[in-house]
Each structure stands twice: as structure tokens, then as C-alpha cells.
2 protein chains.
Amino acid sequence: MTETGRKNWQAVQEEVRRRIHARIWAPGEMIPNEQDLAEEFGCARATVNRALRNLSEAGLLERRRKAGTRVALHPVRKATLSIPLLRKEISDRGAAYGYRRLDFRPGHPPADLARKMNARAGDGFVRVMALHLANATPFALEDRWINLATVPEAAGEDFTETSANEWLVENAPYTHGDIAFSAVSVDAEKAGHLDCPPGAAIFTIERMTWNKARAITYVQQFFRPGYRMKTQL
Amino acid sequence: MTETGRKNWQAVQEEVRRRIHARIWAPGEMIPNEQDLAEEFGCARATVNRALRNLSEAGLLERRRKAGTRVALHPVRKATLSIPLLRKEISDRGAAYGYRRLDFRPGHPPADLARKMNARAGDGFVRVMALHLANATPFALEDRWINLATVPEAAGEDFTETSANEWLVENAPYTHGDIAFSAVSVDAEKAGHLDCPPGAAIFTIERMTWNKARAITYVQQFFRPGYRMKTQL
DNA sequence: GAGTGGTCTAGACCACTAA
DNA sequence: TAGTGGTCTAGACCACTCC
């Protein structure tokens with residue numbers, strides 16, 4: 001059952017996966033070093049390295065210099081979520097995308113949010129509430145604060161035609177962001193916009209994006225009841 | 001401001017990031033090919049390749065043979081979630097982990113679930129309901145079906161001491177899985193277990209894991225109200 | 001100190017695909 | 001068909017860290 005052919009990095013990866021899965025290399029156990037594996041598989045060490053590095057990033061292996069490579073004891077399940085623009089998500093589902101701005105006004109975020117956004121006294125903000133529709137029915141409601149101190153150009157926009165999301169993608173690239181997923185009961189106002197009963201359980205995504213140390217925007221999106229975010233392990 | 005020093009792959013990646021961010025290379029625009037960049041940065045093409053491949057996997061670049069490399073028009077936000085064992089998640093929060101098996105019995109999953117699990121007539125199943133506690137208060141409730149046709153060894157377990165999750169990690173490694181996140185209103189029974197009002201909005205994770213084409217287990221986890229799953233963009 | 005993984009190089013060939 | 005990214009090689013040096 002030993003494979004002897006010369007292997008490319010994907011074949012090496014598959015063979016290592018197989019051995020882990022078949023318990024030939026058990027969880028917590030050391031596996032041979034790159035040099036030896038390269039000889040066994042008849043390929044260069046760099047090829048083995050590529051395969052093992054990939055498996056390590058996937059959480060199946062743990063690698064340390066000098067200590068060597070071992071099979072992860074508790075293979076951490078890692079799932080990669082891609083968070084598309086709502087326009088794209090809706091049209092990918094074959095539905096017609098619609099956008100409606102509900103409210104737009106200057107203002108100040110609540111104290112705890114201002115603190116999380118690392119806001120300074122005097123920073124200006126605008127708040128935008130908007131609805132994304134799929135085939136003319138509510139799909140997601142978004143409640144957004146934009147920091148004008150970070151994105152002064154946003155002061156000239158009112159987001160009646162273009163969603164703040166898309167405007168920001170074009171005009172205010174971010175360096176990093178935080179994202180959180182949770183469930184909430186919607187209040188009567190939001191329920192009205194989403195066309196669902198007050199108190200319904202709603203899936204929400206909160207996102208804060210940053211340009212270096214300055215917050216660009218905070219947004220909370222409320223999805224229609226029944227929404228499921230899916231991905232692979 | 002042009003950096004001229006010889007670069008390693010991380011420095012190349014940072015410089016490319018900077019140019020995208022500074023709109024030197026605008027969204028949708030082609031960037032130079034690997035050969036030219038290698039000359040500019042004074043490194044080997046493989047080094048540039050490593051950097052650009054990384055950025056491509058991150059969703060910032062789109063690469064095609066012959067067509068070249070361009071800055072992604074809509075940088076897909078990709079977030080990597082790590083889904084730890086609940087035991088680990090709870091103890092990482094500094095709380096004492098507790099486990100209580102609530103129910104355990106053989107049975108058959110509802111027809112739609114059996115179909116999703118690709119079950120054959122005659123496949124045996126067990127259902128396990130269990131509670132994970134943090135400092136003796138309910139943290140998450142799980143409702144699980146295990147396919148005994150795929151994992152016959154599970155028939156000898158009753159999961160009173162060890163959670164099915166941890167037993168399966170040890171004894172039934174999976175090849176791939178599907179995962180979905182959503183919000184639900186809990187029914188009275190689940191609310192009782194989670195010690196929250198009936199109808200509360202609850203964050204749930206559903207997971208189906210597979211060994212090749214055979215379903216191992218389906219589990220739905222109901223988290224205590226207020227639970228937030230966080231990660232970085 | 002020594003063994004391991006991490007990275008870089010220079011060159012080569014291959015796979016894909018736009019033109 | 002030609003240009004681009006994808007991969008592989010053989011060798012080298014380095015960085016880390018266990019012993």
C-alpha cells in the first residue's frame with residue numbers, strides 16, 4: 001500500500017492527510033522530518049515543506065523549529081467565511097437586488113461605541129440606516145456609523161443611491177477589521193422594516209473596520225428571519 | 001519613498017499591500033508580472049510568487065495564468081473562524097468547564113435530516129442531548145445525531161462522562177464538514193435547559209461532518225443568550 | 001551546540017489561457 | 001502561439017529552540 005511514485009506538493013499533502021486519518025501517525029505523535037519525507041516521496045524538501053506548511057495552516061499539524069512536526073492533538077476546526085457585499089450575495093442567489101436608504105443624519109454614537117471606535121472629542125459622525133432587498137422583500141437592515149474624522153469625503157454623500165458599504169469599499173479601504181456574529185430579538189421598529197414580528201430572532205453581523213489606528217465605520221446588519229450563513233470545514 | 005532594499009516575501013507583501021492601499025495600483029488594475037517585480041525588489045521570482053499568492057488567497061489580488069495579476073475589484077472579505085471544542089472555549093475564558101448529558105437514545109432522525117445525511121434504510125442512529133456549562137451556568141446546549149453505520153464503535157458509548165464531541169474527535173476523524181450559523185427562538189424545553197425565557201433569540205451553529213461520502217454526525221448547538229462569535233477580517 | 005523548520009536563489013519546465 | 005503564473009529542484013543559509 002506504500003506509494004512510491006514521485007510526488008508533487010498536493011500529492012504529498014494528500015498522502016500525509018491519509019496517514020493521519022488512518023492513524024498511521026496518531027494525534028500528538030511526531031512525524032518524520034522534511035528531509036526524510038523528501039527522500040521517501042522522491043521530491044525536493046521544498047515540496048514537502050509546501051505540503052506540510054499548508055497542513056499546518058489548516059490546523060492539522062503543529063510545527064516548531066528543532067522540535068519538529070507533530071499531528072495536532074485537537075485539530076482546530078478552521079472555517080473560512082467569505083463575506084460578500086450584500087448586493088453580490090443577493091444577486092448570487094438569483095434575486096433582484098434593491099436598496100433603500102431609510103435614515104441619514106449627523107450625530108454622536110453612544111458613549112460605549114464611541115469608546116470602541118477610539119473616537120476623540122469633536123470627531124464628527126454620520127449615521128445611516130438602510131435596507132437591502134431581494135426581489136423587493138427585505139433581506140437585511142443595516143445600522144451604520146461613519147467616522148468623518150477618518151473619512152472626511154463621506155460628508156459630501158447622502159447614500160440615497162449607493163449603499164454606504166459600496167461607497168466605503170471604493171473610497172475608504174481598510175487595513176483591518178473586527179467582526180462578530182450573534183442573535184438578537186428585534187425591536188418593533190426594526191421588525192417593521194424587516195417585515196417580521198417584533199421579538200423575532202434575527203441573525204446579526206457587527207463589523208468595525210479600521211485604517212491603521214483610526215476607526216472608519218461600525219455597522220450592524222440585521223438579516224431577515226431564517227437567514228443562515230454557511231461554509232465548509 | 002520608494003523602498004529599494006532587497007526584500008523577503010513578507011516585505012514584498014507589505015509593499016504590495018501599501019501600493020494597493022495608496023491607490024498606486026487601483027482596484028481592477030493590472031500590476032506588473034512576477035519577473036518585473038522580482039527585478040524591482042531585487043529578489044527571486046519565487047519570493048514574489050510567495051507574496052502574491054498569499055495576497056491572492058487573502059482575496060486582495062486575482063491571478064490568472066497569461067492574463068496576469070490584478071487588484072481585486074471587490075476585495076472579498078475573508079474571515080477565518082476557528083471553532084474550538086466548547087471545553088477549550090470555556091476554559092480559555094477562564095471559566096470552569098462542566099458537562100452534563102441530558103438525554104441519550106437510539107432513534108431515527110426526521111426524514112429531511114436523514115436525507116441530508118445521505119442515510120440508507122436500516123442505518124442505526126443515536127441521539128444525544130447535552131449541556132456544556134461555564135462556572136456551573138449553562139453555556140451551550142447541543143442536540144446531536146450520530147450515524148452508527150459510519151461509526152459503529154459509538155454504539156458502545158453513552159456519553160455520560162465524555163461529550164460526544166470529544167469522543168468523536170478522538171475516534172471518528174472526518175474528511176470534511178459543512179457548517180451553518182443562524183438565529184432561532186428557543187422552545188420552552190430548550191429555554192429550560194439554557195435557563196432563559198422561552199422565545200429568546202439564540203445563536204446556533206449547525207455542523208455536519210463526513211468521512212468521505214458517509215455522514216458521521218449532525219449537531220446543532222444552541223448558545224446562551226448574548227453569545228457572540230468574534231474574529232478578525 | 002545541534003537539529004529542525006523557514007526562507008531564499010537561480011534556473012527550469014509545465015499548465016493554462018488570452019489574443 | 002506566446003506570455004503568464006504554478007511548480008519543482010538542488011543547494012544554501014538562517015532562525016529558532018530544545019537539549
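Proteins come first, then strands; the chains are lettered A, B, ... in the order of their sequence lines, and each starts at number 1.
- Non-hydrogen atoms lying under 4.0 Å from DNA chain C are contributed by A/Arg45, A/Asn49, all within residues 43-55 of chain A.
- For B/Glu40 and B/Arg45, the salt-bridge test fails: no basic side-chain N is under 4.0 Å from an acidic carboxylate O.
- By the ring pair (Phe, Tyr, Trp, His ring centres under 6.0 Å) test, B/Tyr97 pairs with B/His132, sequence neighbours left out.
- Here the options are A/Leu86, A/Leu141, A/Thr204, the test is side chain to side chain contact (heavy atoms under 4.5 Å, CB included), and the partner is A/Gln221; only A/Leu86 passes.
- A donor-acceptor contact under 3.5 angstrom links the side chains of A/Thr160 and A/Asp158, judged on distance only.
- Residues from residues 58-71 of chain A that place a heavy atom under 4.0 Å from any atom of DNA chain C, listed by number: A/Arg63, A/Arg64, A/Arg65, A/Lys66, A/Gly68, A/Thr69.
- Applying the side-chain hydrogen bond (donor to acceptor under 3.5 Å, both in side chains) test to residues at least two apart or on different chains, none of the pairs has a partner in residues 21-32 of chain A.
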Show me, pair by pair, the donor-acceptor contacts under 3.5 angstrom made by side chains of residues 47-58 of chain A, not counting sequence neighbours?
{"residue": "A/Asn49", "atom": "ND2", "partner": "A/Glu34", "partner atom": "OE2", "Å": "2.8"}
{"residue": "A/Asn54", "atom": "ND2", "partner": "A/Gln13", "partner atom": "OE1", "Å": "3.0"}

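- In this structure, the side-chain contact (heavy atoms from CB on, under 4.5 Å) partners of A/Ala149, at least two apart in sequence or on a different chain, are A/Asp123, A/Asn147, A/Arg214.
- Within the 4.0 Å cut-off from OP1 or OP2 of D/dT4, at least one side-chain nitrogen or oxygen of B/Asn33 is found.
- Rounded to whole Å, the distance from CD on A/Gln35 to C1' on C/dG6 is 14 Å.
- No donor-acceptor distance shorter than 3.5 angstrom exists from the side chain of A/Thr209 to the backbone of A/Gly177, with no hydrogens or angles considered.
- Contact between the side-chain N/O atoms of B/Gln10 and the OP1/OP2 oxygens of C/dT7 is found at a separation under 4.0 Å.
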